[in-house]
Amino acid sequence: MEIKDYGEKLRSRELKVALKIHSDSRKFFSDFLRAKGFIEIPPVIISSVTDPLNHPTEKALISAGGFSYELTKSMIFHKQMVLNTYDKIFAFSPNIRLEETQKKLTGRHLLEFTQIDLEVKNATREDILRLGEEMFIYAVKNIKEVDGDLLDSVGRVLKEPQAPFERITYGEAYEKYGDEFENKLSSEKSFPFWIIDIPVGQREFYDREDRDRPGILVDYDLVYPEGFGEALSGGEREHEIERIIERIERKGEKTEQFTYYIEFVRNFGLPPSAGFGIGIERFVRFVIGAKRIEDIVPFPKAPGEFYPI
Ligand code: AMP
Ligand code: MG
């Protein structure tokens, strides 16, 4: 992007529509969660512990007064810990993920984005799938009501889905479509759907393994239809210290990377929980039907490109 492109972009109809939808999405998600008794907690932006993620990203380190921190990739550990204070919490959580250059081509990766990241004490997968469906439908319905004219102006016909959403196991999807199953299914479907029962090697150590089906996690992704791809990821969580350490080791990760998290869990414990994080920019992109995620953000940072502002 060059400086002259910003003038054009900031005056464009598409961005004007996108920013209004973005602003309203924040409101509707937040209204919905507050009405369900959730407490909004402040985001954590620097910490000595953050999500290892299951895919490679460059470490975003920052030092202050001689102390070193990492910029947040997700607030997973902080969400679990703060369930000692409140049972239902959410944050508008800015994340920095220095994704590989090749992710530039997906149209859905930014180096900085915001998740609505929520977690519920003692919740099961079933509880959170229902909550996610209700929250999604609530936001779409209200946006259609409030911003219907704007959607018309960009030629977007947004369908309101009905609960329950279709569920497909990772195993079924993989068997039918192979590695590219998410994109293929996403392009084929007209309504959002869940991918459940993701194998242990495909996710991070903190997602709970099904005790009755070793190797399978009690987790889920919501996938947008019409080719827009993944909307959110979540799961029930490992919360017992022995299981956490066993899973870190099985993953081939070093426990030292999580020293303070482990020390916290040893001293204070964690309750069982489940939750998810939904990327707001991806949601806005889907609602508008924009080709690329960069197009709906005023000052985007997509991988593999320099942005002057
Ligand atoms: P994860 O738990 O890693 O799947 O991240 C949670 C959600 O954040 C995803 O389902 C997306 O909606 C969003 N997200 C993750 N990575 C990115 C990215 N690089 N750019 C934009 N949104 C993202
Ligand atoms: Mg994911």
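Heads up: numbering here begins at 1 and tracks the sequence.
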Item to check | hydrophobic_cluster_shared for W194 and V218, side chain cutoff 4.5 Å | outcome: no
Checklist entry - Can you name the closest pair of heavy atoms from V140 and P161 and give their distance? => result CG1-CD, 4.3 Å
Next on the checklist: Looking at S186 and N183, would you say the former's side chain and the latter's main chain have a donor-acceptor pair under 3.5 Å?
Outcome noted: no
Item to check | N/O donor-acceptor pair under 3.5 Å between R285 side chain and K291 backbone | outcome: yes
Item to check | Rounded distance (nearest 0.5 Å) linking atom CE of M135 with atom CG of L222 | outcome: 10.0 Å
Checklist outcome for this item: Sequence neighbours excluded, the answer for ring pair (Phe, Tyr, Trp, His ring centres under 6.0 Å) partners of F268 is F264
Item to check | Derivation of the salt bridge (charged side-chain N to carboxylate O under 4.0 Å, His left out) call for D31 and K27 | outcome: CA-CA 6 Å; D31 286 352; K27 173 175 161 42; 2.6 Å; yes
Checklist outcome for this item: Distance col, row I241:CD1 vs E263:CD, nearest 0.5 angstrom, shows 10.5 Å
Item to check | Partners meeting side-chain contact (heavy atoms from CB on, under 4.5 Å) with V287 (sequence neighbours left out) | outcome: I21, I143, L151, L158, F283
Next on the checklist: Please evaluate residues Y206 and D51 with respect to the criterion side-chain hydrogen bond (donor to acceptor under 3.5 Å, both in side chains), reporting the C-alpha separation (whole Å), side-chain torsions for both, the decisive distance (0.1 Å), and the verdict.
Outcome noted: CA-CA 9 Å; Y206 50 74; D51 196 331; 2.7 Å; yes
Next on the checklist: Applying side chain to side chain contact (heavy atoms under 4.5 Å, CB included) to F276 and Q115, what does each step give before you reach the verdict?
Outcome noted: CA-CA 9 Å; F276 64 68; Q115 294 190 46; over 6 Å; no
Checklist entry - Rounded to the nearest 0.5 Å, what separation is found between the CD atom of Q80 and the CD atom of E119? => result 6.0 Å
Checklist entry - Which salt bridge (Lys or Arg N to Asp or Glu O under 4.0 Å) pairs, counting each pair once, include a residue from residues 249-259, with sequence neighbours left out? => result E209-R250, E246-R250
Item to check | same_hphob_cluster(F92, L83) at 4.5 Å side-chain heavy-atom cutoff | outcome: no
Checklist entry - Would I244 and F205 satisfy side chain to side chain contact (heavy atoms under 4.5 Å, CB included), going step by step from the backbone distance to the final call? => result CA-CA 7 Å; I244 290 173; F205 71 82; 3.8 Å; yes
Checklist entry - Do any N or O atoms from the side chain of R97 and from the backbone of T57 form a donor-acceptor pair under 3.5 angstrom? => result no
Checklist entry - Same hydrophobic cluster for M75 and M81, using side-chain heavy-atom links shorter than 4.5 Å among ILVMFWY? => result no
Checklist entry - For R203, which of L53, D221, N54 qualifies under side chain to side chain contact (heavy atoms under 4.5 Å, CB included)? => result D221
Show which side-chain atoms of residues 41-49 pair as donor or acceptor with protein atoms under 3.5 Å away, not counting sequence neighbours.
residue	atom	partner	partner atom	Å
S47	OG	V49	N	3.2
S47	OG	V49	O	3.2
S47	OG	H78	NE2	3.2

Item to check | salt bridge (Lys or Arg N to Asp or Glu O under 4.0 Å) contacts in which one or both residues fall within residues 294-309, not counting sequence neighbours | outcome: R292-E294
Checklist entry - Would you find a donor on one side and an acceptor on the other, under 3.5 Å apart, between the side chain of R247 and the backbone of E204? => result yes
Checklist outcome for this item: With sequence neighbours left out, the residues meeting side-chain contact (heavy atoms from CB on, under 4.5 Å) with Y174 are Y170, D179, F181
Next on the checklist: Considering only residues two or more places apart or on different chains, which pairs with a residue in residues 38-68 satisfy ring-ring contact (aromatic ring centres under 6.0 Å, His included)?
Outcome noted: none
Checklist entry - Going by side-chain heavy atoms closer than 4.5 Å, which hydrophobic residues are tied to L61, directly or by a chain of links? => result none
Item to check | Full working for side-chain hydrogen bond (donor to acceptor under 3.5 Å, both in side chains) between T72 and N95 | outcome: CA-CA 5 Å; T72 295; N95 291 181; 6.0 Å; no
Checklist entry - Can you list every salt bridge (Lys or Arg N to Asp or Glu O under 4.0 Å) pair that touches residues 127-144, not counting sequence neighbours? => result K36-E134, D127-R130
Checklist entry - Looking at V284 and A18, what are the two nearest heavy atoms and their distance? => result CG1-O, 3.8 Å
Item to check | Sidechain N-carboxylate O distance under 4.0 Å for R167, D197 | outcome: no
Checklist entry - Are I96 and Y69 connected in a single hydrophobic cluster, I mean Ile/Leu/Val/Met/Phe/Trp/Tyr linked by side-chain heavy atoms less than 4.5 Å apart? => result yes
Checklist outcome for this item: Hits for salt bridge (charged side-chain N to carboxylate O under 4.0 Å, His left out) against E99, two or more places apart or cross-chain, chain-then-number order -> K103
Checklist entry - Are F29 and I288 connected in the hydrophobic side-chain network, where two residues link if heavy atoms are under 4.5 Å apart? => result yes
Checklist entry - Between atom CE of M1 and atom CZ of F299, what is the distance when rounded to the nearest 0.5 Å? => result 8.5 Å
Next on the checklist: Donor-acceptor pair, distance only, cut-off 3.5 Å: does the side chain of K79 make one with the backbone of L118?
Outcome noted: yes
Next on the checklist: Please evaluate residues E238 and R211 with respect to the criterion salt bridge (charged side-chain N to carboxylate O under 4.0 Å, His left out), reporting the C-alpha separation (whole Å), side-chain torsions for both, the decisive distance (0.1 Å), and the verdict.
Outcome noted: CA-CA 11 Å; E238 296 291 0; R211 301 294 185 265; 3.1 Å; yes
Checklist entry - Mind checking whether D219 and S233 have side chains closer than 4.5 Å, heavy atoms only? => result no
Checklist entry - For the side-chain hydrogen bond (donor to acceptor under 3.5 Å, both in side chains) test, which of E172, K184, E182, E188 pairs with Y177? => result E188
Checklist outcome for this item: Interatomic distance, CD@E240 vs CZ@R208, rounded to 0.5 Å, equals 8.0 Å
Next on the checklist: Any heavy-atom pair between the side chains of I296 and E281 that's under 4.5 Å?
Outcome noted: yes
Checklist outcome for this item: Separation between CZ (F32) and CD1 (I137), nearest 0.5 Å, reads 9.0 Å
Next on the checklist: For Y261, give me all partners under ring pair (Phe, Tyr, Trp, His ring centres under 6.0 Å), at least two apart in sequence or on another chain.
Outcome noted: F77
Item to check | Pairs satisfying salt bridge (Lys or Arg N to Asp or Glu O under 4.0 Å), at least one member in residues 147-157, at least two apart | outcome: K20-D147, R156-E226
Item to check | Note: E58-K73 ion pair, threshold 4.0 Å (strictly below) | outcome: no
Next on the checklist: Just checking F191: does its CZ atom have more than 12 heavy atoms from other residues, nucleotides or ligands closer to it than 6.0 angstrom?
Outcome noted: yes
Checklist entry - What are the two closest non-hydrogen atoms of L185 and A173, and how far apart are they? => result CD1-CB, 3.7 Å
Checklist entry - With a 4.5 Å limit on heavy-atom distance, are the side chains of I39 and V82 in contact? => result no
Checklist entry - Would you say R266 and I245 make side-chain contact, with heavy atoms under 4.5 Å? => result yes
Item to check | Trace of the side chain to side chain contact (heavy atoms under 4.5 Å, CB included) decision for I195 with V223 | outcome: CA-CA 7 Å; I195 296 283; V223 184; 3.9 Å; yes
Item to check | Nearest non-hydrogen partners of A123 and E236, listed with the distance | outcome: O-CG, 4.4 Å
Checklist entry - Between R237 and D207, is a side chain to side chain contact (heavy atoms under 4.5 Å, CB included) present by the stated rule, with each step listed? => result CA-CA 5 Å; R237 315 300 183 185; D207 280 350; 2.8 Å; yes
